[in-house]
Protein chains: 2
Amino acid sequence: MLNKRTRYAIKALMHIARKSAGGGLAAAATIADAEQISVKFLEAILSDLKSAGFVISKKGIGGGYQLNQQANTLMLSDLIRATNGPIALVPCVSLNYYEPCDICPDESQCGLHDVMQQVRDASLAILSTTSIQDLITREDLRVKKKSKR
Amino acid sequence: MLNKRTRYAIKALMHIARKSAGGGLAAAATIADAEQISVKFLEAILSDLKSAGFVISKKGIGGGYQLNQQANTLMLSDLIRATNGPIALVPCVSLNYYEPCDICPDESQCGLHDVMQQVRDASLAILSTTSIQDLITREDLRVKKKSKR
DNA sequence: TTAAAATCCTACTTAAAAAGTAGGGAATTG
DNA sequence: CAATTCCCTACTTTTTAAGTAGGATTTTAA
């Protein structure tokens, strides 16, 4: 399961992306209030997002956070990797966090290896093609649908 | 990522399945030795597998563990759920461990929901069709291939 | 009937990670 | 210069994972 850091990060990035689309900055306190996150905790998360290169920041009055790239190029897979860790279920099939399986004597002979690779690829097929922008678009569609009723 | 309990459980079940195929029982100490697991830790895991209904046990000399079902009906998804928890990445799309998203005000309006459901289905498509028997078969094939060289 | 072999049961320990808190420093702008 | 905002360090609390320890119980076979 995804940790809370990651889920908050997604919410925060969506918030920032919406603001960035209009050329504006989103302040941590504003995001925290809108998304119901503890300010201090969110600050820590935003700091991670900045180190990861997803956002840039500006201090002082009128300051805040802004996307460092187009929202449609920021993929869920990248975000999850940065804040949650590997997408694979076992380290020996992870693309970005590979480690030999400590509990497995011979990777090339393990019956689980290929299956876990399949699962990784199946998840990645979705996560690496879904951007923050896609999430926003989906959400806007839903709101539209709802208000139509 | 899968926890060690789960990975050990898979190894142990494969071991037991091989033994069961010949009508025999596998003792915890034997499995622990073969698969390089601490005996006491394995005992705890086997106890879980028993409560989950995957294996049955017999005490005393000549005793041990045995599959409680055909190896080709014991699916990875069932095992992972029992020892590792939900397969979904977020609780609100879990089939077996559903919980409303605490950090999400309205599930029906969340842009992430559908995507996470897709990921779950993609993973499940593989995990729920791969049995312990499949893993054994794959492993046997690999050994064959290797010895052919 | 007893000794060995096995599972079973309860409780404890240790280590690591997740989640959050606290307090103040540094930069920016009106 | 004062308000606003990000930034940095350190700490606390809670939960989970991973294992350990010691012995009780059941079964079998000699």
Side-chain angles (χ1 to χ4, degrees), chain A residues 1-9 11-12 15-16 19 24-33 35-52 54-66 68 80 82-86 89-91 97 99 102-103, chain B residues 1-9 11-12 15-16 19 24-52 54-66 68 80 82-86 89-91 97 99 101-103:
Chain A
M1 301 266 280
L2 299 180
N3 58 30
K4 283 203 173 181
R5 269 184 119 79
T6 303
R7 287 187 259 166
Y8 283 144
K11 296 265 180 207
H15 188 119
I16 294 170
K19 259 291 177 57
L25 300 179
T30 311
I31 303 171
D33 188 55
E35 311 294 340
Q36 296 282 67
I37 316 175
S38 137
V39 181
K40 279 298 189 180
F41 192 29
L42 178 62
E43 278 185 355
I45 294 168
L46 288 170
S47 159
D48 288 348
L49 295 182
K50 191 183 173 184
S51 333
F54 297 135
V55 298
I56 53 177
S57 62
K58 214 181 145 193
K59 285 185 183 177
I61 296 173
Y65 293 88
Q66 194 169 11
N68 192 30
I80 290 175
T83 56
N84 205 78
L89 291 178
V90 288
Y97 293 85
E99 270 182 55
D102 47 347
I103 79 171
Chain B
M1 302 267 278
L2 299 180
N3 59 29
K4 283 204 174 180
R5 270 184 119 80
T6 304
R7 287 187 258 166
Y8 283 143
K11 296 265 180 207
H15 188 118
I16 294 170
K19 257 294 176 54
L25 300 178
T30 311
I31 303 171
D33 188 56
E35 312 294 340
Q36 295 283 65
I37 315 175
S38 136
V39 181
K40 280 297 188 180
F41 191 31
L42 179 62
E43 279 185 355
I45 294 168
L46 288 170
S47 159
D48 289 347
L49 295 181
K50 190 182 173 183
S51 331
F54 298 135
V55 298
I56 53 177
S57 62
K58 215 181 145 193
K59 286 185 182 177
I61 296 173
Y65 294 87
Q66 194 171 9
N68 191 29
I80 290 176
T83 57
N84 204 79
L89 291 178
V90 287
Y97 292 87
E99 269 183 56
C101 259
D102 45 349
I103 79 169

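Values below: all heavy atoms of this structure, side chains included; hydrogens, waters and symmetry mates excluded. Residue numbering restarts at 1 for every chain, and letters A, B, ... go by the order of the sequence lines.
Judged as a side chain to side chain contact (heavy atoms under 4.5 Å, CB included), and not counting sequence neighbours, the contacts of B:Ile56 are B:Gln66, B:Asn68. Listed by chain and residue number, nothing satisfies the salt bridge (charged side-chain N to carboxylate O under 4.0 Å, His left out) test with A:Asp33 (two or more places apart in sequence, or in another chain). For B:Lys4, the salt bridge (charged side-chain N to carboxylate O under 4.0 Å, His left out) partners two or more places apart in sequence, or in a different chain, are A:Asp102. Residues satisfying the side chain to side chain donor-acceptor pair (under 3.5 Å) test with B:Lys50, not counting sequence neighbours, are B:Ser57. Applying the salt bridge (charged side-chain N to carboxylate O under 4.0 Å, His left out) criterion to B:Lys40, with sequence neighbours excluded, gives B:Glu43. By the side chain to side chain donor-acceptor pair (under 3.5 Å) test, B:Arg5 pairs with B:Asp48, sequence neighbours left out. Legend: residues meeting side chain to side chain donor-acceptor pair (under 3.5 Å) with A:Thr83, ordered by chain and number and at least two apart, are A:Thr6. Residues forming a side chain to side chain contact (heavy atoms under 4.5 Å, CB included) with B:Ala32 (at least two apart in sequence, or on another chain): B:Val39, B:Leu42. Residues satisfying the side chain to side chain donor-acceptor pair (under 3.5 Å) test with A:Glu35, not counting sequence neighbours, are A:His15.
To the nearest 0.5 angstrom, B:Tyr65 atom OH is 8.0 Å from B:Ile16 atom CD1.
The CG-P distance, from A:Leu25 to C:dA27, rounds to 19 Å in whole Å. The interatomic distance linking B:Lys19 (NZ) with C:dA6 (P) rounds to 10 Å, in whole Å. What separates CD1 of A:Ile103 from C1' of D:dG19 is a distance of 15 Å, to the nearest Å. If you take CD1 of B:Ile31 and P of C:dA6, they are 12 Å apart, rounded to a whole angstrom. One atom, CD1 of B:Ile45, and another, C1' of C:dT7, lie 15 Å apart when rounded to the nearest Å. Atom-to-atom, CZ of A:Phe41 to C1' of C:dG23 comes out at 18 Å; the value is rounded to the nearest Å.
Checking side-chain atoms of A:Asn84 against main-chain N and O of A:Asn3 turns up a donor-acceptor pair under 3.5 Å.
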Short heteroatom pairs, N/O only, protein and nucleotides 11-17 of chain D, under 3.5 Å:
none

Quiz prompt | Sequence-aligned protein contact record of nucleotides 2-10 of chain D, with B where the base is within under 4.0 Å of a protein heavy atom and S where only the sugar-phosphate is | solution = -BBBBBB--
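Using five terminal pairs a side, the axes of the helix from C:dT1-D:dA30 to C:dG30-D:dC1 at its two ends make an angle of 10°, given in steps of 10 degrees.
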